[in-house]
Engineer: 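Pasting a structure below so you can have a look.
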Amino acid sequence: MKPIVLEIIRKALESLKEQWGLEGVPDIDVEIPKNEEMGDLATTAAMGLAKTLKRPPGKIAEEIVEAIKNPPIPPLSKGGEGGVDVFESIEIAGPGFINFKFSKDFFYSELGRLLKEGHSSLSADTGKGRRVQVEFVSANPTGPLHIGHGRGAAVGHALCNLLTAAGFEVRREFYINDAGVQVRLLGESVFARYLQLLGLDAPFPDDGYKGDYVESVAEEIIKRVGDEYLNKAFEDCGEFFTNVAYKNMLADIAKDLKDFGVVFDRWQSEKELYEKGKVQDSLITLRQKDLLYEKDEAQWFRSTTFGDDKDRVVVKRDGEYTYFASDIAYHKDKLDRGFDTIINIWGADHHGYIPRIRSVLEAFGLPKEKFRVILIQMVTLLRNGEPVQMSKRAGEFITLREVVDEVGADIAKFIFLTRRADSHLDFDLETAKEQSAENPVFYVQYAFARISSIFRQAEEKTVKSYELRVKSEEGETSLSALKEDEEISLIKKLLQYPMVFEGAAVSFEPHRITYYLQELAGMFHSYYNKHRVISDDAGLTNARLGLCRAVQLVLEEGLKVLGVSAPERM
RNA sequence: GCGCCCAUAGCUCAAUUGGAUAGAGCGCCGGACUACGAAUCCGUAGGUUGGGGGUUCGACUCCCUCUGGGCGCGCCA
């Protein structure tokens with residue numbers, strides 16, 4: 001419904017621009033009014049123009065409304081969508097809002113279109129094929145994924161779905177830190193456990209990885225090679241242990257994510273960036289741009305040029321690269337692969353790295369606004385309201401796998417998406433499992449399942465196919481049997497989905513979909529309790545089945561974006 | 001010490017990116033199944049948006065300041 005109104009307003013402005021002395025038509029937008037009584041859509045165009053025209057917004061609004069009505073702009077009158085009048089009224093309110101109220105016929109015609117076109121009518125092509133690269137999770141392959149990674153995975157996955165549906169070409173990537181001292185430390189930890197399992201009183205490295213999974217890897221190695229490395233020093237066999245250990249972890253991580261329903265297009269190895277010389281190359285490029293210099297026997301990236309607090313070391317005095325050096329290479333590589341927009345999803349504790357990475361991307365030619373970091377806040381895991389104690393030092397923490405095994409992937413994903421990414425989240429394992437109203441997942445899924453059940457009922461009662469009616473010539477008019485207030489409100493809500501969707505996509509905020517779905521499900525449940533869908537009145541039954549089908553369609557679409565299933569039975 | 005994020009109903013959170021009368025759920029209390037699934041619905045109550053100042057037609061939203069909480073600030077990764 002939004003595009004039609006926008007077109008009408010634009011045409012009105014087009015006809016007014018000369019007498020207003022404007023070069024072109026200003027950018028305008030419409031919004032959903034807070035209060036339903038104010039109308040179905042509203043524009044603040046007049047208020048926006050007040051400043052440039054130096055005239056009161058009320059007057060300007062009047063002129064715009066006049067231009068829309070006399071003579072009527074095409075879609076307004078016959079020959080528009082389905083040949084119906086679009087508006088019931090256009091009114092000016094407050095300081096200069098123009099409020100549009102649609103006619104019922106317009107709603108029926110739009111609902112008919114939704115039923116006819118299905119999912120494709122729910123998402124506009126705002127991306128137009130532009131390429132977006134989203135890097136998320138990127139957990140160190142030194143241990144299993146924890147709950148925080150799960151939240152990052154859920155948000156990243158939903159965001160990618162959102163952008164894909166919005167017409168962007170999305171690449172989902174996981175960056176593997178397989179080159180640093182952390183994986184080496186993992187290797188040492190496994191080696192120590194290996195020796196201990198074989199009866200040696202071997203020392204465990206300081207700050208080594210103490211989780212049970214380390215011992216599991218050691219056990220596996222014993223199964224494969226026995227005591228072959230018993231009398232060797234770590235310097236002689238470290239590469240073997242390190243490789244086996246992190247590859248093992250990585251396989252577990254990939255499996256956990258897959259079972260969580262999150263997949264990646266590319267797993268970028270840090271080690272590979274070194275081996276292919278991309279780290280060196282990227283630094284050479286920086287040097288050519290005079291953005292790399294030597295000081296105190298170290299090499300520095302001139303990130304202050306782009307607004308960072310201080311320049312950053314990329315090659316240390318001892319000749320070793322810093323972690324940042326391979327980050328530079330990876331981000332240059334992202335740009336070399338031709339992405340239009342770069343999105344990184346990080347834990348909120350990494351916010352201090354934003355300026356330096358932004359600097360890197362800018363140095364290689366990406367405009368600031370094309371880089372976006374989504375920060376994921378901490379998740380506090382609760383059980384019956386009490387925090388679940390975790391100690392990273394002792395290697396004791398609840399893994400994502402444990403959570404998914406306990407509550408299920410759908411529930412976990414949905415709960416991760418019930419908050420804005422950058423606000424804290426309490427995740428209570430017990431209430432998550434309860435099949436109560438406290439659990440928003442069931443609430444939304446139940447609406448979908450309930451509608452599925454209605455259709456099963458309808459078939460049993462041999463109600464004639466609603467689809468035939470809707471598609472036939474009189475089909476669209478058959479929807480006009482929907483006269484109840486709740487029905488009109490429900491249709492309106494359905495037609496708002498594309499706007500909510502677009503807002504979520506441009507602001508990278510999948511949680512908006514979550515909220516919308518809860519509202520829509522709520523409206524449906526309420527409607528269901530008040531009005532019977534299947535009755536003796538065939539025409540009414542068909543119209544209501546059509547409405548149900550549309551609700552189902554939108555619920556399914558929204559859930560798909562969130563990566564949550566839409567079950568026909570629960 | 002410097003920087004970033006957060007502070008909204010008793011609790012957990014929204015608020016169309018500067019719009020109109022700040023909204024949901026939970027919790028409390030009271031109701032609704034011999035009709036399509038009660039994992040549902042209906043009805044009330046709850047607010048100086050942490051405090052103060054500023055910007056303007058208009059502020060939960062932007063700027064300054066204070067209070068209180070989280071996180072960063074290495075030639076670590």
Side-chain angles (χ1 to χ4, degrees), chain A residues 29-35 37-38 42 44 47-48 50-51 56-58 93-97 99 140 142 177 179-183 185 295-300 309-310 312-324 326-327 347-355 375 377-378 385 418-420 422-426 428 431 434-443 445-447 449-458 460-461 463 496 499-500 502-504 506-507 509 511-512 514-515 518-519 521-522 524-535 541 544-545 548 569-570:
Chain A
D29 204 2
V30 288
E31 57 191 39
I32 301 162
K34 254 180 206 154
N35 196 330
E37 291 148 30
M38 293 166 178
T44 57
M47 284 128 89
K51 208 165 277 176
F97 291 96
N99 293 333
N140 273 348
T142 53
N177 296 118
V181 303
Q182 292 306 320
V183 284
L185 187 59
K295 193 184 85 180
D296 302 335
E297 297 169 68
Q299 304 210 30
W300 301 68
D309 295 338
K310 48 176 116 173
R312 307 289 172 177
V313 170
V314 292
V315 182
K316 295 186 273 183
R317 190 182 295 180
D318 63 8
E320 292 285 310
Y321 291 104
T322 63
Y323 174 84
F324 183 47
S326 49
D327 258 353
D349 53 340
H350 288 79
H351 65 81
Y353 299 85
I354 297 174
L375 293 175
Q377 266 297 349
M378 293 255 281
T418 51
R419 302 274 179 277
R420 249 183 20 228
D422 63 352
S423 73
H424 284 269
L425 172 65
D426 286 335
D428 194 307
T431 51
E434 275 173 31
Q435 299 185 343
S436 70
E438 195 150 348
N439 196 327
V441 196
F442 292 124
Y443 189 76
Q445 287 184 325
Y446 183 52
R450 201 172 220 182
I451 295 171
S452 305
S453 170
I454 293 173
F455 281 110
R456 287 194 293 268
Q457 277 285 330
E460 274 175 35
K461 294 181 181 171
V463 173
Q496 285 170 1
M499 293 179 69
V500 174
E502 193 190 348
V506 301
S507 58
E509 290 180 347
H511 78 275
R512 295 192 191 192
T514 316
Y515 275 89
Q518 291 182 66
E519 286 163 13
F524 175 75
H525 285 311
S526 176
Y527 171 65
Y528 175 89
N529 274 276
K530 193 164 176 185
H531 303 287
R532 285 193 60 78
V533 174
I534 299 169
S535 66
T541 300
R544 288 185 170 170
L545 284 173
C548 286
R569 295 172 201 267
M570 297 172 66

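Lettering follows sequence order; numbering is per chain, from 1. In what follows, every heavy atom counts, from backbone to side chain, and hydrogens, waters and symmetry copies are set aside.
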Engineer: So does A/Tyr528 reach the base of B/A38 with its side chain, donor to acceptor, closer than 3.5 Å?
Structural biologist: no
Engineer: Both A/Phe324 and A/Leu425 contact RNA chain B. Taking the nearest nucleotide for each, which residue is further toward the 5' end?
Structural biologist: A/Leu425
Engineer: Is any N or O donor-acceptor pair between the side chain of A/Asn99 and the base of B/A20 shorter than 3.5 Å?
Structural biologist: yes
Engineer: Below 4.0 angstrom from OP1 or OP2 of B/C76, is there any side-chain N or O of A/Lys316?
Structural biologist: yes
Engineer: With a non-hydrogen cut-off below 4.0 angstrom, is A/Met47 in contact with a base, only sugar-phosphate, or nothing?
Structural biologist: base
Engineer: Pick base, sugar-phosphate or nothing for A/Asp29, based on heavy-atom distances below 4.0 Å to the nucleic acid.
Structural biologist: nothing
Engineer: If you check every side-chain atom of A/Met38, which of B/A35, B/A38, B/A20 has the closest atom?
Structural biologist: B/A20
Engineer: Check for a donor-acceptor pair, side chain of A/His525 on one end and backbone N or O of A/Tyr443 on the other, with a separation under 3.5 Å.
Structural biologist: yes
Engineer: Contact class for A/Ala93 vs. all strands (heavy atom < 4.0 Å): base, sugar-phosphate, or nothing?
Structural biologist: base
Engineer: Let's see if you can work this out: which of B/U12, B/A77, B/G37 has an atom nearest to the side-chain heavy atoms of A/Arg419?
Structural biologist: B/U12
Engineer: Compare side-chain N and O positions of A/Tyr515 against OP1 and OP2 of B/G25 and report whether any pair is under 4.0 Å apart.
Structural biologist: no
Engineer: Do you see a donor-acceptor pair shorter than 3.5 Å between the side chains of A/Ser507 and A/Arg512?
Structural biologist: yes
Engineer: Given B/A20, B/C75, B/A77, identify the nucleotide with an atom nearest to the side chain of A/Tyr353.
Structural biologist: B/A77
Engineer: Side chain of A/Asn529 only, heavy atoms from C-beta on: which candidate in B/C42, B/A20, B/U40 is closest?
Structural biologist: B/U40
Engineer: Please classify the glycosidic conformation of B/U17 as syn (within 90° of 0) or anti (everything else).
Structural biologist: syn
Engineer: Please work out which of the three classes, parallel, tilted or perpendicular, describes the rings of A/His511 and A/Tyr515, given edges at 30° and 60°.
Structural biologist: perpendicular
Engineer: Remember a base hit wins even if backbone is also touched, and classify A/Ala449 as base, sugar-phosphate or nothing at under 4.0 Å, heavy atoms.
Structural biologist: base
Engineer: Taking a pair as Watson-Crick or G-U wobble with both distances under 3.5 Å, which nucleotide is matched to B/C4?
Structural biologist: B/G70
Engineer: Side chain of A/Glu509, heavy atoms from C-beta onward: which of B/C75, B/A15, B/G37 has the nearest atom to it?
Structural biologist: B/A15
Engineer: Can you check whether A/His525 has a side-chain N or O nearer than 4.0 Å to OP1 or OP2 of B/C36?
Structural biologist: no
Engineer: Is the base of B/A39 stacked against the aromatic ring of A/Tyr443, taking ring centres under 5.5 Å apart and planes under 30° as the test?
Structural biologist: no
Engineer: Atom CE in A/Met570, atom CZ in A/Phe442: separation rounded to 0.5 Å?
Structural biologist: 5.5 Å
Engineer: What is the minimum heavy-atom distance between A/Asn99 and A/Ala93, and which atoms define it?
Structural biologist: ND2-CB, 3.5 Å
Engineer: Check every strand shown and say whether A/Gly180 touches a base, only sugar-phosphate, or nothing at a heavy-atom separation below 4.0 Å.
Structural biologist: sugar-phosphate
Engineer: Just by distance, do the side chain of A/Asp296 and the backbone of A/Ala298 share a donor-acceptor pair under 3.5 Å?
Structural biologist: no
Engineer: With a 3.5 Å limit on both atom pairs, tell me what B/U21 is paired to, counting Watson-Crick and G-U wobble, or say none.
Structural biologist: none
Engineer: Kindly point out which of B/U17, B/C36, B/U21 is positioned nearest to the side chain of A/Ser507?
Structural biologist: B/U17
Engineer: Figure out the CG/C1' separation between A/Asp422 and B/U17, and round it to whole Å.
Structural biologist: 13 Å
Engineer: Please tell me whether A/Tyr527 and A/Arg544 have a donor and an acceptor in their side chains that are separated by less than 3.5 angstrom.
Structural biologist: yes
Engineer: Pick one for B/C4: is it syn, with its angle within 90° of 0, or anti?
Structural biologist: anti
Engineer: Is the NZ atom of A/Lys316 crowded by more than 12 outside heavy atoms at less than 6.0 Å?
Structural biologist: yes
Engineer: Please pick, from B/U40, B/G19, B/C13, the nucleotide with the shortest atom-to-atom distance to any side-chain atom of A/Ser423.
Structural biologist: B/C13
Engineer: Out of B/A15, B/G37, B/C13, which has the shortest distance to the side chain of A/His424?
Structural biologist: B/C13
Engineer: For the side chain of A/Pro33, counting heavy atoms from C-beta on, which of B/A20, B/C36, B/G72 is nearest?
Structural biologist: B/A20
Engineer: On the side chain of A/His351, is there an atom forming a donor-acceptor pair with the base of B/C71 - under 3.5 Å, no angle test?
Structural biologist: yes
Engineer: At under 4.0 Å between heavy atoms, what does A/Asn35 touch on the DNA or RNA strands: base, sugar-phosphate, or nothing?
Structural biologist: base
Engineer: Between A/Asn140 and A/Ala42, who's closer to the 5' end of RNA chain B by nearest nucleotide?
Structural biologist: A/Ala42
Engineer: Name the nucleic acid region contacted by A/Ile454, choosing base, sugar-phosphate or nothing; use a 4.0 angstrom heavy-atom cut-off, strictly under.
Structural biologist: sugar-phosphate
Engineer: Regarding A/His511, tell me which of base, sugar-phosphate or nothing describes its non-hydrogen contacts under 4.0 Å with the strands shown.
Structural biologist: sugar-phosphate
Engineer: If you take atom types as modelled and just measure distance, does the side chain of A/Arg420 reach the base of B/U8 with a donor-acceptor pair under 3.5 Å?
Structural biologist: no
Engineer: Using the side-chain heavy atoms of A/Tyr446, tell me which of these nucleotides is nearest: B/G37, B/A15, B/C42.
Structural biologist: B/G37
Engineer: Closer than 4.0 Å, any side-chain N/O of A/Arg450 to the OP1 or OP2 of B/A38?
Structural biologist: yes
Engineer: For A/Thr44, which contact category applies under a 4.0 Å heavy-atom criterion: base, sugar-phosphate, or nothing?
Structural biologist: base
Engineer: Any strand is fair game: report the nucleotide pairing with B/A14 by Watson-Crick or G-U wobble, both distances under 3.5 Å, or none.
Structural biologist: none
